[in-house]
Amino acid sequence: MASKPERLLRGSGAPLSASFLELFFDLAFVLALSQLAEHLLHDLTPGGALRTALLLTGVWWIWVTTTWFADWYDPESPAVRGLLIAAALASLLAGVAIPQALGDRGLLFAGAYVVLHVGRSIVTAVALRGHPRQRRALRIMTWYSLSGVPWLAGAFLPDWRVPLWVLALAIDVIGPRLGWPTPRLGRAASEELHLAGEHFAERYQQIMIIALGELVLVAGLSYADTRLDLPETAAFLLVFATAVLIGLLYVTPAGLRLAPAIEHADPARLGVITGYLHLVMVAGLVVTAVGAELSIAHPTETGDTAAVLAILGGPTLFLVGRILFSVAIHRRISWPRVAALFVLSGAAVALRPPLLAVTATATGVALVVVVLDRAGVMRYRQRQ
C-alpha cells in the first residue's frame, strides 16, 4: 500500500490527459490574456509594450508552474485539486489587477502571485514529509520565498516597482533552468524534473488554442461593433484567416513532436526552454489581437507606426518563437519562416497604406509560409 506522501505524487498509471480542474484553471487565463491585450492597446508605445511584457511574463509563469505541478502530482488527490482551484483563483485575481497592476492594484497582482507560489510549495513540502521528493518542494519554496521579497517590495514602492518585479521574475524564470540550487539541499537532479511528455504537450496545445481563441474573440467583438461594411468585413476575414494559419504553423511539424521530444530530453533543458518559447509565441498572439482590433475598427485609415507594428509585429513575434521552437525540438530551421521574418520586418518599416492592406500583407506572408512548409514536409516524407 502506498504511503500518504506517495499518494500525492502522480503514479505511472495516472491518466495523461488534462484533468477537468486543469481546464478550469485555463479559463482564468482567458481573462488575463484579454486584459493584457487591452493594456497594450491603451499604451501602444515601446514603454507600454515592455510593461505589458512584464505583466504577461508574470501571469504566464503562474500557468507554467501550475502545469508542472499538475504533471508531478496526482490530479485525483484532494490536496492537488484544492491547489489547482487556488491557482485558478490566483490567476483570476492577477488578471483583474492587470489594468492597474503598475498603479493602484500592484499589491493585488504581486500578492496573488506570491501567495500562490509560496503557499503551494509549503503545502507540498509538508505533505511530502519524509519522502525524497520533499527536497524538490523545499528548493522551490526557498526560491519563491526569495523572489517574493522584490515582488512585495515593488508592490509597496511604486517608483521602484518595475525594476523590482523584473528582478523577481528573473529569479523565478531562471530557477528551474538551474535546478533551484539551494544551500544544504543542492540542486534538483534530472529525475526530479521529469515531465510526462504526452500530458505536457497536450497542455501546451490547449493553451495555444486559448490564445488563438482570444484572437478570434477580439476579431468577432471588434467586427460586431462596426457597421459590417465591406472594408470591415474584409479585415475581419483576414484576421480570421491569420488565426487559422498561425494555428497551422504551430502544429506542423514540431508542435506534434513535443511529447516524444520531452520524454527523451533533459527536462531541465527542453521542459524549461519550451516554457520560454511558448511565452514568446503567446506574446505574439496578444500583439496580433491588438493589431486585429485596430485593423477591423479602422480598415481604411492610414495607420501610424504603432498600429502597423502591432499588425505586423504580432505574427513576427510568433514566428520568432516558432522558429526557435523547431530548433529546440528537432534541430531544424524552416527557411521559409526565416524569410518571412525579413519580409514582415521590412514591411513594418516601409508600409504606411491603409490598415486593411497591412493586415492583408501579414495574412499573405503567413499563407505563403504555410504552403511552403507543407511542401517541405511532403518532400521530407517522400525521402523517408
Side-chain angles (χ1 to χ4, degrees), residues 29 33 37 56 60 63 200-219 235-262 270 273-292 295 309-348 358-381:
F29 196 72
L33 289 177
L56 170 60
W60 174 252
W63 187 89
F200 212 58
E202 179 186 358
R203 293 296 291 130
Y204 274 115
Q205 290 173 10
Q206 288 164 350
I207 202 62
M208 289 301 296
I209 290 173
I210 285 175
L212 284 167
E214 167 62 16
L215 172 57
V216 173
L217 180 63
V218 166
F236 167 73
L237 293 174
L238 286 170
V239 170
F240 179 78
T242 299
V244 173
L245 293 168
I246 286 177
L248 292 174
L249 286 171
Y250 176 75
V251 298
T252 307
L256 299 177
R257 298 177 183 171
L258 181 57
I262 289 177
L270 188 56
I273 289 176
T274 298
Y276 300 159
L277 297 181
H278 276 78
L279 170 60
V280 177
M281 288 187 278
V282 169
L285 290 173
V286 170
V287 178
T288 303
V290 172
S295 174
L309 287 177
I311 294 171
L312 297 176
T316 301
L317 194 55
F318 173 83
L319 278 174
V320 169
R322 187 59 184 79
I323 290 167
L324 295 175
F325 184 44
S326 288
V327 173
I329 295 298
H330 50 68
R331 309 291 185 182
R332 187 177 71 85
I333 293 179
S334 169
W335 294 111
R337 294 177 188 177
V338 173
L341 289 182
F342 287 100
V343 173
L344 289 171
S345 300
V358 179
T359 303
T361 300
T363 306
V365 170
L367 176 61
V368 171
V369 174
V370 167
V371 171
L372 293 177
D373 265 6
R374 290 280 176 172
V377 170
M378 293 299 296
R379 288 194 298 271
Y380 174 79
R381 289 175 177 173

What's the separation between atom [atom1] in [X] and atom [atom2] in [Y], rounded to the nearest 0.5 Å?
| X | Y | atom1 | atom2 | value |
| --- | --- | --- | --- | --- |
| Ile311 | Thr316 | CD1 | OG1 | 12.0 Å |
| Ile246 | Thr242 | CD1 | OG1 | 6.0 Å |
| Ile207 | Phe29 | CD1 | CZ | 5.0 Å |
| Leu317 | Leu341 | CG | CG | 10.0 Å |

- Item | Test log, rule side chain to side chain contact (heavy atoms under 4.5 Å, CB included), inputs Met208 and Leu285 | CA-CA 9 Å; Met208 289 301 296; Leu285 290 173; 3.8 Å; yes

Suppose we screen for side chain to side chain contact (heavy atoms under 4.5 Å, CB included). Which residues come up paired with [X], at least two apart in sequence or across chains?
| X | result |
| --- | --- |
| Leu309 | Thr305, Ala348 |
| Val370 | Leu245, Leu248, Leu249, Arg374 |
| Ile209 | none |
| Val327 | Ile333 |

How close do [X] and [Y] get, heavy atom to heavy atom, and via which atoms?
| X | Y | result |
| --- | --- | --- |
| Ala292 | Val239 | CB-CG1, 3.5 Å |
| Gly247 | Leu212 | CA-CD1, 3.8 Å |
| Ile273 | Ala328 | CG2-CB, 4.4 Å |
| Val218 | Ala289 | CG1-O, 3.4 Å |
| Ala37 | Glu214 | CB-OE2, 4.2 Å |
| Leu312 | Ala347 | CD1-C, 3.6 Å |

- Message: Could you check whether any side-chain heavy atom of Pro315 comes within less than 4.5 Å of a side-chain heavy atom of Leu344, counting everything from C-beta outward?
- Response: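 With C-beta onward as the side chain, the pair touches.
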
- Task: State, with a plain yes or no, whether a side-chain heavy atom of Phe318 is found less than 4.5 Å away from one of Thr288.
- Result: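 No, side chains not in contact.
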
- Query: Does a sphere of radius 6.0 Å around OH in Tyr276 hold more than 12 heavy atoms from other residues, nucleotides or ligands, not counting ones at 6.0 Å or beyond?
  - Reply: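 Atom OH in Tyr276 is packed in, count exceeds 12.
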
- Does the side chain to side chain contact (heavy atoms under 4.5 Å, CB included) test come out yes or no for Val343 and Val368, once each step is laid out? CA-CA 11 Å; Val343 173; Val368 171; over 6 Å; no

- Task: Fit a plane to each ring of Tyr204 and Phe200, take the angle between them on a 0 to 90° scale, and name the class: parallel (under 30°), tilted (30 to 60°) or perpendicular (over 60°).
- Result: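 Ring orientation, 0 to 90° scale: perpendicular.
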
- Task: Can you run down the salt bridge (charged side-chain N to carboxylate O under 4.0 Å, His left out) pairs that involve residues 273-290, sequence neighbours left out, and say none if there aren't any?
- Result: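 Non-adjacent pairs meeting salt bridge (charged side-chain N to carboxylate O under 4.0 Å, His left out): zero.
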
- Query: Going through the distances and angles, do Thr274 and His278 end up as a side chain to side chain contact (heavy atoms under 4.5 Å, CB included)?
  - Reply: CA-CA 6 Å; Thr274 298; His278 276 78; 3.4 Å; yes

- Query: For Ser295, does its backbone N or O pair with a side-chain atom of Thr359 as donor and acceptor, under 3.5 Å?
  - Reply: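 Not confirmed, Thr359 side chain does not pair with Ser295 backbone.
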
- Message: Checking the side chain of Trp60 only, and the main-chain atoms of Val280 only, is there a donor and an acceptor separated by less than 3.5 Å?
- Response: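 A pair under 3.5 Å: no.
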
- Item | Any residue meeting ring-ring contact (aromatic ring centres under 6.0 Å, His included) with Phe236, in chain and number order, not counting sequence neighbours |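 Tyr223.
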
- Task: Given side chain to side chain contact (heavy atoms under 4.5 Å, CB included), test Asp373 with Arg337 step by step and report yes or no.
- Result: CA-CA 8 Å; Asp373 265 6; Arg337 294 177 188 177; 2.4 Å; yes

